[in-house]
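Below you'll find the structure, written out as structure tokens, and then a few comments.
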Amino acid sequence: QVRLVESGGGLVQAGASLRLSCAASGRTFSRYAMGWFRQSPGKERDFVAVISWVDDNTYYSDSVKGRFTVSRDNAKNTVYLQMNSLKPEDTAVYYCAAAEVFPSTTSRMYSSWGQGTQVTVAS
């Protein structure tokens with residue numbers, strides 16, 4: 001099991017940018033993808049973006065494509081989510097997760113999860 005810790009969330013105005021980080025540590029396992037999900041109170045956990053560990057392939061949900069960018073730094077065992085042009089509907093707890101397949105857009109395909117970081121976008 002890998003330990004994932006998200007950071008970088010906060011309160012911003014609409015149109016602003018945030019960069020989330022996900023630091024991975026702990027038990028080693030076959031890893032093919034690192035994904036980002038988000039969840040608002042009373043709602044389902046939704047897919048945001050995913051990146052492959054072995055190449056530059058990425059995949060985004062329609063709601064964030066063109067605004068968000070997922071990237072990685074293997075040497076630092078860290079995945080990033082650059083969020084630009086933030087909207088109030090982006091408000092949620094953002095989670096980093098690890099999967100053994102790419103691409104995966106459903107939460108059940110991810111075995112390891114971070115605790116989440118809150119992103120609040122004010123109108």
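In this chain, numbering begins with 1 at the start of the sequence shown.
The side-chain hydrogen bond (donor to acceptor under 3.5 Å, both in side chains) test applied to Tyr94 returns Arg38, not counting sequence neighbours. Applying the side-chain hydrogen bond (donor to acceptor under 3.5 Å, both in side chains) criterion to Gln115, with sequence neighbours excluded, gives no partner residue. Under the side-chain hydrogen bond (donor to acceptor under 3.5 Å, both in side chains) criterion, Gln39 pairs with Arg45, sequence neighbours left out. With sequence neighbours excluded, the residues that form a side-chain hydrogen bond (donor to acceptor under 3.5 Å, both in side chains) with Asn74 are Arg72. Under the side chain to side chain contact (heavy atoms under 4.5 Å, CB included) criterion, Asp62 pairs with no residue at all, not counting sequence neighbours.
The line from NZ of Lys87 to CZ of Arg67 is 4.5 Å long, rounded to the nearest 0.5 Å. Atom CH2 of Trp36 sits about 5.0 Å away from atom SG of Cys22, to the nearest 0.5 Å. Annotation: the span from Asp90 atom CG to Thr120 atom OG1 amounts to 11.0 Å, rounded to 0.5 Å. For the atom pair Cys96 SG and Leu20 CG, the distance stands at 9.5 Å (nearest 0.5 Å). Atom CG of Leu81 and atom OH of Tyr60 lie 8.0 Å apart (nearest 0.5 Å).
Counting only heavy atoms from C-beta outward, the side chains of Tyr32 and Ser52 never approach each other to under 4.5 Å. Using a 4.5 Å heavy-atom threshold, the side chains of Phe68 and Leu86 count as touching. Between Tyr59 and Val50, some side-chain heavy-atom pair lies under the 4.5 Å cut-off. With a 4.5 Å cut-off on side-chain heavy atoms, Tyr80 and Val70 do not count as touching.
Smallest separation of non-hydrogen atoms from Val79 and Ile51: CG1-CG2, 4.2 Å. In this structure, Leu4 and Ala24 approach most closely via the heavy-atom pair CD2-CB, 3.5 Å.
Judged purely by atom type and a 3.5 angstrom limit, Thr91 uses its side chain to pair as donor or acceptor with the backbone of Val121. At distances below 3.5 Å, not a single donor-acceptor pair connects side-chain atoms of Ser104 with backbone N or O atoms of Thr106. The backbone N or O of Gly9 sits less than 3.5 Å from a side-chain atom of Thr117, completing a donor-acceptor pair.
Applying the side chain to side chain donor-acceptor pair (under 3.5 Å) definition to pairs two or more places apart or across chains, those involving residues 6-22 are Ser17-Asn84.
Aromatic pair Tyr110/Tyr95: ring centres not closer than 6.0 Å. In this structure, the ring of Phe102 has its center no less than 6.0 angstrom from the ring center of Trp53.
In the hydrophobic clustering of this structure, Trp113 does not group with Val119; members are Ile, Leu, Val, Met, Phe, Trp, Tyr whose side-chain heavy atoms approach within less than 4.5 Å, directly or through other members. The cluster map of Ile, Leu, Val, Met, Phe, Trp and Tyr, joined by side-chain heavy atoms under 4.5 Å apart, puts Phe47 and Val93 in the same cluster. Residues Met34 and Phe37 do not share a hydrophobic cluster, clusters being chains of Ile/Leu/Val/Met/Phe/Trp/Tyr side chains in contact below 4.5 Å.
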